Structures are given as structure tokens and as C-alpha cells.
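What follows is a short report on a single structure.
Reminder, nothing fancy here: chain letters follow the sequence lines and each chain counts from 1. These numbers come from a predicted model, not from an experiment.
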Amino acid sequence: MSTSATAQLTLVESKLLSREPGALFTFVIPLFILIVFGGSLGRGDATLLPMTLAISVALVALYLMPTTLATYREKGILRRLSTTPVRPASILAVQLVLQFAVAVLSCGLLIAVATVALGASAEVNAIVLIGVYALGTLSMFAVGLVIAAVAPNGRAANGIGVLLYFPLAYLAGLMLPVALMPTTVVRIGEFTPLGAFRQALQGVWSGESPELLPLCVMAAYAVVLSLVAAKLFRWE
Amino acid sequence: MADELTGCDADAGVMAIIDVTGITKSYAGRQALADVSITVHAGEIFGVMGPNGAGKTTLVEIIEGLRAPDAGSVRVLGMDPRSDRRRLNESLGVQLQNTQLPENLKVWESLSLYASFYRAPADWENVMETWGLTSLRGKRIGKLSGGQRQRLFIALALVGNPTLVVLDELTTGLDPSARRETLSLVRRVRDGGVTVVLISHFMDEIEALCDRVVVLDEGRVVAIDTPAALAQRVGERTLDEAFEKLTGRLLEP
């Protein structure tokens, strides 16, 4: 595919994403939670920001991305594209990059608001943060890709996303702080991609050196589920 | 590169744009196409007609490289539609049944985007003008009427400046005046040197437009001829009656 086609596709897909109300929600919901609950927590709290970051990635990975991809297949957009010189895989690649950009923007906004307005620590190890964030996003996107692969249409993808979001968010300690959850449930949560992500992010803000287990859990989900998605994905 | 376009038809001495020989295709044990052979020449409008389930769409999907036949050979513009897919797609324009575009995409965005996919596209603003879409350029696809959307899909099939276009049920959903207008535009496309394959279940459309037509029934070729000769051959005056005689059923439900 030529550079101009890639550029055009990226431009057009970004415009479409900006016209999608779902994209706005992935910014607004975690920001709303951060502001509403952040006000009542003391300055320097290290739990709320990691929770909202995990929520923002989960919203993109479980709703926005799979719904978009499944709709593209359902409506024959991928099929139409496959009759042009462009590979339909390129639109998937462009979509994944853009969805990742949405997650990163939302994350930047949350960190900025938490640091400036809520006094979250700015003294975090940026390299560890980027590594944890990349790994967490990869593992959650892999879950989203499996949804996109198995969902027959956009509505089904959306429904599966909702069904998965609530248990995953609960196990991850995003509905209740882990301190208020039964230990067994917390333990189970550490073996889910979202739970491992929240836990690793929390480590970043409490200034501890990163634990190995959550990183391994995320990497395992990222690899295994990406392979499953690639195996199950249908172009039409 | 020279032998790209050399599928020569010895009888006619005219270049074969499409050469399908003895193709067979079944889905889950159901025979969709059985030993189908057709040749489409440069510059003609070639009709594909038949009742629902006759195999029309399967045949064109094989020509477009969207499906592989179980047996038989297919050459389109001298290329194999499966293994030379990307190269063939540079010269092939397609309007598919049951495909949509993102609803929030604007008319001009879709044309400019699709033009960017090709190495030597047509000027998309000209195509937009030709197909009467300029006044709709900023409109979102989800807000277009059926006829406007259909015109856009045909325009998108032509924006890559193809040698061959395949139009599948292009007048479905159009009102009579929009249909007439579309048919005259298809003639203009052909007059511009583009070979057209037209899948239709409207007899008048086939009769008015096509130089030759293949009649498919239950996956088999029943006849290939000019619409007039086809009617004459079975001793009928209209294509409609000829079709009924050939297949034992009515084309339009």
C-alpha cells in the first residue's frame, strides 16, 4: 500500500473515530470517576489514578475497538476494501493504532488532571510506567480482538464487551478498592489481565519496584489471546 | 507486462477480458456452479441473469477473486484473480451487493479515500461531478437516500479508473427515473472504453443495455447470446418470454 493511501486511511479513520460518540465516553467516564472520587481522597492518594487508567484502557479495549471492527466486518466494509489494491489488514492495523492513540490520550489527560488538581505523585518512574502501560494495553487489546473475532456483528461485540467488562472490572478491583474485597477474590483478580494491569499500575504510583507476577500475567494474555484472535478472525 | 492483456479469442479476434472455463463451486454439498464457461470481450456490456440462487453472485465473486472455484480456470485481464489479486484490483472496479460504508463518512471523503488506493486513479472530483454527487459532497453516507447511495457506490467502482467494472444488482432500490438515469450512465461508462459486467434480474435492464447475456439456472449456463438472438432462438419475441421458456420460471418474482 502506498504512503498516500496509508496517510489517507489514517486521516479518514481518525475523523470517523472523532465522530463516534463512544470515543468520547472513554474519555469522560474515567475522568468523571477521577474527579468525583478524587475530591474526597487525601492528596497523594496512590490508588484512584491507577484504577481510572485501567478503566480507560478497558473501555477502549472491550467496547470501542471490538465494536468498530465487528461493525466493519458486518457491513461488508472489509469485503469492499478487499476488492481494491489495499489489503483489508491495513485498515485493521490503522484502527488498532488509532484506538491505542485514544487510550494514550485518555491516559495522559487522567494523569495530568490527577497530578495537577488532585496532588497525585509526579515522582513516578516513567520507563516502568510506559512498560506497564504498554503491556497492560496489549493484553486488554488482545481480549478485545478475540471479541471482534467471535462477534457476528457490532451489536453482539458491544454486548460481549458489556458482559465481560463488569466481572473483569470487579475482579480487578475497579468497582471496589481491593482493601474492601475478600482476599480470595483479590487473589483471583491478580490472574486476570485487567487485575494484573491495575496492580502493576498501582505499584508504579506507590513507588515500589515492579512485581514480576502481574507483568507475566499480562504478557501471557497478550500472546495467547492475540494468537487465538488471529486464528478465529474472519474477514466476512 | 505485455502478456497481461493477451487472452485472445481466436474466433472473434477480440481480446478476452474475462475467460472462465469449466468452473464448479459447491457450498456444503450444494452445487452453486456446475461447469460454467463464459468469455467477456473488451468494450462490451455483458449481462449475467438468472433467478435467485442461480449462481450469479458466486460467479462474479469468483471473477473478483473473492472466492476460489473448486475446479476450472479463471483469467481476468490475463491474470489469476486469486494469486494476482492486488495487481488485478488496480484495473477492476466493483460494486458489491449488501456492502455499506461507515455511516459517518462523507461523500467526498469516501471518493478521495478510494482514489488514494490506486496507482493511477481517475480524478475523483470529476467522478463525483459525473455521477451527480457534487451537491452532496459534504453529506454523510448514513444520510443519503437509496438512489444517492447507489450512485456513490458506482462512482466508487469507477474512481480507480478501471478497465473492467462489475456491477451487482446496481438498480436495486432505485425509483424508475433514477433507474433510467443510471442505465444511461452505465452506457456512458462503456462508451468511455470500460468493459462492464452487469448482474441483474431486471429483464428490461438487460435488454436495453447488454451486448450479450448469459442465462444461469441452478448453477448451469442455459444460454449465452445477444438479448435479441436469445429471444428469437426459442421463438419468442421478448427476453422475458424467452427466459420463461429456457428456465421454466419467471425472472422477476
Side-chain angles (χ1 to χ4, degrees), chain A residues 1-25 64-95 98-99 102 148 152-155 157-158 234-236, chain B residues 57 60-61 63-67 76 81-82 84-121 124 138 140-143 149 152-153 156-162 164-168:
Chain A
M1 178 161 81
S2 70
T3 347
S4 85
T6 315
Q8 276 265 5
L9 200 54
T10 311
L11 180 68
V12 167
E13 292 296 315
S14 335
K15 285 187 190 171
L16 285 175
L17 202 53
S18 73
R19 290 173 196 159
E20 186 58 55
L24 192 65
F25 284 122
L64 191 59
M65 186 261 281
T67 308
T68 311
L69 295 188
T71 306
Y72 275 19
R73 179 182 43 218
E74 174 197 357
K75 297 202 164 174
I77 293 164
L78 300 178
R79 192 173 145 80
R80 178 63 184 84
L81 214 57
S82 72
T83 65
T84 73
V86 167
R87 280 165 216 281
S90 28
I91 202 173
L92 295 195
V94 166
Q95 267 299 330
L98 291 178
Q99 301 275 351
V102 169
N153 55 48
R155 286 178 59 139
N158 198 54
R234 295 286 171 265
W235 291 105
E236 47 187 81
Chain B
T57 296
V60 296
E61 284 176 346
I63 291 168
E64 292 158 350
L66 288 168
R67 294 185 192 282
V76 180
R82 296 294 285 181
D84 296 328
R85 182 103 176 261
R86 303 289 145 211
R87 202 157 64 91
L88 174 60
N89 285 350
E90 287 282 352
S91 322
L92 175 67
V94 165
Q95 177 249 329
L96 297 164
Q97 237 184 306
N98 309 323
T99 46
Q100 296 166 42
L101 287 170
E103 300 216 323
N104 287 329
L105 192 63
K106 292 176 183 169
V107 167
W108 78 268
E109 289 169 341
S110 68
L111 285 161
S112 123
L113 176 66
Y114 271 67
S116 79
F117 294 163
Y118 298 87
R119 242 177 275 153
W124 64 264
R140 295 186 183 198
I141 290 172
K143 302 255 191 265
R149 197 175 303 205
L152 175 62
F153 287 169
L156 287 171
L158 294 166
V159 82
N161 205 11
L164 168 67
V165 284
V166 180
L167 306 170
D168 196 351

Considering only heavy atoms, which portion of Leu88(B) lies under 4.5 Å from any heavy atom of chain A: side chain, backbone, both, or neither?
neither
In terms of side-chain geometry, is the basic nitrogen of Glu61(B) or Arg79(A) positioned less than 4.0 Å from the acidic oxygen of its partner?
yes
May I ask you to test the Ile77(A)-Thr99(B) pair for a side-chain heavy-atom distance under 4.5 Å?
no
Non-neighbouring partners of Tyr114(B) that pass ring pair (Phe, Tyr, Trp, His ring centres under 6.0 Å), sequence neighbours left out
Phe117(B)
Is it the side chain or the backbone of Leu113(B) that comes within 4.5 Å of chain A heavy atoms, both, or neither?
both
Looking only at heavy atoms, which two atoms of Arg86(B) and Pro85(A) are closest? And how far apart?
CD-O, 3.5 Å
Check salt bridge (charged side-chain N to carboxylate O under 4.0 Å, His left out) between Glu90(B) and all other residues, then give those that pass, not counting sequence neighbours.
Arg119(B)
What are the two closest heavy atoms between Ala5(A) and Ser116(B), and how far apart are they?
CB-O, 3.4 Å
Might you point out which heavy atoms bring Leu66(B) and Ser82(A) nearest each other, and give the distance in Å?
CD2-OG, 3.4 Å
Tabulate, in ascending numerical order, the residues of residues 67-76 of chain A having at least one heavy atom closer than 4.5 Å to a heavy atom of chain B, or enter 'none'.
Tyr72(A), Lys75(A), Gly76(A)
So, Arg80(A) side chain and Val94(B) main chain: donor-acceptor pair closer than 3.5 Å or not?
yes
Please classify the contact between Leu105(B) and chain A as side chain, backbone, both or neither, with a heavy-atom cut-off of under 4.5 Å.
both
Before accepting this row, confirm whether a basic side-chain N of the pair Arg19(A)/Glu109(B) lies closer than 4.0 Å to the acidic partner's carboxylate O.
yes
Evaluate whether atom CZ of Arg155(A) has more than 12 neighbouring non-hydrogen atoms of other residues, nucleotides or ligands under 6.0 angstrom away.
no
Once side chain to side chain contact (heavy atoms under 4.5 Å, CB included) is applied, do any residues pair with Thr10(A), and if so which ones, sequence neighbours excluded?
Thr6(A), Ser14(A), Val94(A), Leu98(A)
Proximal component of Glu103(B), with respect to chain A [non-hydrogen, under 4.5 Å]
side chain
Can you tell which of Gly93(B), Gly65(B), Ser112(B), Gly160(B) has the highest number of heavy-atom pairs within less than 4.5 Å of chain A?
Ser112(B)
